[in-house]
Amino acid sequence: MSKKVIVIGAGGVGNVVVKKCAMNPQFFSEVVLASRTLSKCDAIALEAKNIGLPIEIKTRRVDADSVPELIQLFTEEKPYMVINVALPYQDLTIMDACLATGVHYLDTANYEPKDEAKFEYSWQWAYQERFKEAGLMALLGCGFDPGVTGVYTAYANKHYFDEMHYLDIIDCNAGDHGKAFATNFNPEINIREITQKGKYWENGQWVEIDAMSIHKPIEYPNIGPKESYLLYHEELESLTKNFPSLKRARFWMTFGQAYLTHLEVLQNVGMTSIQPIKFNGMDIVPLEFLKAVLPEPGTLGENYSGQTSIGCQIKGLKDGQDTTYYVYNNCHHAECYKEVQAQGVSYTTGVPAMIGASLMIQGEWMKPGVYNVEEFNPDPFMEMLNIHGLPWHELHNITLPHEY
Ligand code: NDP
């Protein structure tokens, strides 16, 4: 059975989600794209039509900071579920509107208050009882990381380990978009994530480190060694809760030297601050202004070369023996552009969101309450990754490129 979905957010990721949904009428009967700027929705809908996708995308304008506007939209459109790929600031307003109108919910990034660069699941997990009582489901963090990294970990746990002890999520973008400085997803969210303190899980507690202070080269398949930086990433919170045997869990991401140099200068001159300043009598937030002058993630796709590689490296026990496992996907920016006019980071986020939504619609991943992806059977999701553009590879009992 296929059902109607509303996608909120007409950015880099929203472009991929609606096109992947519109390619799959076996899961989705109607696709509506709603965002703050209607012209962005219309441009995506027209592209989808021009490339001949079988479902026509309907467009609507909505300010997702406003619960009444969202309620009006959901009441008029009557979707089965909403895929939220606007910004993390809108997670709670959209969840409130879902509860008010009886709509299921999915997102790819956890809630963040706008005035504090702090991301954690507590705000959204607090909706558990309300979603349960309403008979509705909210699936949190269903992009690539968070998202596929949680599914990979659940798959490893189900099939290859009796006990997982060490988890390293490694995320490399070895692409080149030809711009001096640009971020691959929303610049404001990206810079807030990188400039806050790093953190990893070890022996039952969080270890905090100065931002970007731990780094080393990691070898990525078909790419080679790339300097990788230990960051805090939100899936570490849910994975260490859902897999308590983990003694350590870390997240690593690559950055090029030119990117880091630009970021350092921007930080040094105060452009990454989220504290408002007075400018010509107006209050402006430097980071919001910086976002306005940087390229939008959705515009980076054309002529983007190279590939991404994201995976999980796990060490633990099977039948009393030490065992290691590495599962990953490599994704070429140029192929994503050819298929849906997007760069690889938007693509690797948007495809899993479509897959998660289709599993909810088919009832395979459907139970009332608020959940992270690793709480469901990973097998159908893993199968769909291979079919819908993000094939994965696995290596067993290797000396992991990453030392323990
Ligand atoms: P973009 O900046 O390209 O797009 C965000 C979109 O949201 C814009 O179209 C914007 O509209 C819209 N928007 C912002 N505020 C509102 C609002 N109040 N009401 C309605 N629409 C709004 O970002 P991305 O597409 O790159 O990222 C989207 C989301 O995906 C982010 O939350 C990001 O954190 C997440 N993400 C998750 C990843 C994962 O692997 N889990 C990886 C990458 C991203 P307008 O332009 O008109 O303001």
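For ligands, and for the atoms within them, numbers begin at 1 and follow the listed sequence. In what follows, residues are counted from 1 in the order of the sequence shown.
- Among all protein heavy atoms, the one lying closest to atom 25 (O) of ligand 1 is Val13 N, 2.9 Å.
- Numbered from 1 in the order shown, with element, the atoms of ligand 1 that lie under 4.0 Å from a heavy atom of Val62 read 19 (N), 20 (C).
- For the residue pair Gln313/Asp168, the side-chain donor-acceptor check at 3.5 Å is not satisfied.
- With salt bridges taken as basic N to acidic carboxylate O contacts below 4.0 Å, none links Lys247 and Glu202.
- The ligand atoms of ligand 1 that sit less than 4.0 angstrom from a heavy atom of Ile189 are 34 (O).
- Between the side chains of Trp125 and Asn372, at least one donor N or O sits under 3.5 Å from an acceptor N or O.
- One side chain, Gln124 or Asp107, offers a donor N or O that lies under 3.5 Å from an acceptor on the other.
- Nearest non-hydrogen protein atom to atom 43 (C) of ligand 1 is Thr349 OG1, 3.4 Å.
- Neither side chain, Glu163 nor Ser245, offers a donor N or O lying under 3.5 Å from an acceptor on the other.
- Atom 48 (O) of ligand 1 has as its closest protein heavy atom Arg36 NH2, 2.4 Å.
- For ligand 1, the atoms closer than 4.0 angstrom to any heavy atom of Asp65 are 18 (N).
- Close approach of ligand 1 to Gly12 is summarised as follows: ligand atoms under 4.0 Å from at least one heavy atom of the residue are 3 (O), 25 (O).
- For Lys367 and Phe376, the positive end sits near the middle of the six-membered ring, less than 6.0 Å away and at most 45° from its axis.
- If you check which protein heavy atom lies closest to atom 33 (C) of ligand 1, you get Phe185 CD1, 4.0 Å.
- In this structure, the protein non-hydrogen atom closest to atom 2 (O) of ligand 1 is Asn186 ND2, 2.7 Å.
- Annotation: cation-pi geometry not satisfied between Lys158 and Tyr160 (NZ/CZ under 6.0 angstrom from ring centroid, within 45° of ring axis).
- The shortest N or O to N or O distance between Phe144 and ligand 1 is under 3.5 Å.
- For ligand 1, the atoms lying closer than 4.0 Å to a non-hydrogen atom of Lys40 are 45 (P), 46 (O), 47 (O).
- Closest to atom 5 (C) of ligand 1, if we only count protein heavy atoms, is Leu87 CD2, 3.9 Å.
- Scanning the protein for heavy atoms near atom 19 (N) of ligand 1, the closest one is Ala64 N, 2.8 Å.
- Compare Gly11, Ala86, Ala109 by their heavy atoms: the one nearest to atom 29 (C) of ligand 1 is in Ala86.
- Atoms of ligand 1 found under 4.0 Å from any heavy atom of Pro88, numbered from 1 in the order shown, are 32 (O).
- Atoms of ligand 1 lying under 4.0 Å from at least one heavy atom of Pro297, given by number and element, are 3 (O), 26 (O).
- For ligand 1 and Ala10, the ligand atoms under 4.0 Å from any heavy atom of the residue are 9 (O).
- Using a 4.0 Å cut-off between charged nitrogen and carboxylate oxygen, Glu77 and Lys58 count as a salt-bridge pair.
- By the 4.0 Å N-to-carboxylate-O rule, Glu296 lies too far from Lys291 to be salt-bridged with it.
- Taking only nitrogen or oxygen atoms, main chain and side chain alike, Pro146 reaches within less than 3.5 Å of ligand 1.
- Under the 30°/60° scheme for interplanar angles, the aromatic rings of Tyr304 and His177 are found to stand perpendicular.
- For the residues Thr37, Val148, Thr108, Leu300, the heavy atom positioned nearest atom 47 (O) of ligand 1 is part of Thr37.
- Salt-bridge check for Glu339 with Lys20: passed, with a basic side-chain N closer than 4.0 Å to an acidic carboxylate O.
- The backbone N or O of Pro68 lies less than 3.5 Å from no partner atom in the side chain of Gln72, so there is not a single donor-acceptor pair.
- Nearest-residue assignment for atom 11 (O) of ligand 1 (options Cys41, Ser35, Gly14; heavy-atom criterion): Ser35.
- Below 30°, between 30° and 60°, or above 60°: for His215 and Tyr229 the angle between ring planes is below 30°, a parallel geometry.
- Nearest-residue assignment for atom 16 (C) of ligand 1 (options Gln90, Glu296, Gln343, Glu234; heavy-atom criterion): Gln90.
- Atom 18 (N) of ligand 1 has Asp63 OD1, 3.0 Å as its closest protein atom, hydrogens excluded (heavy atom only).
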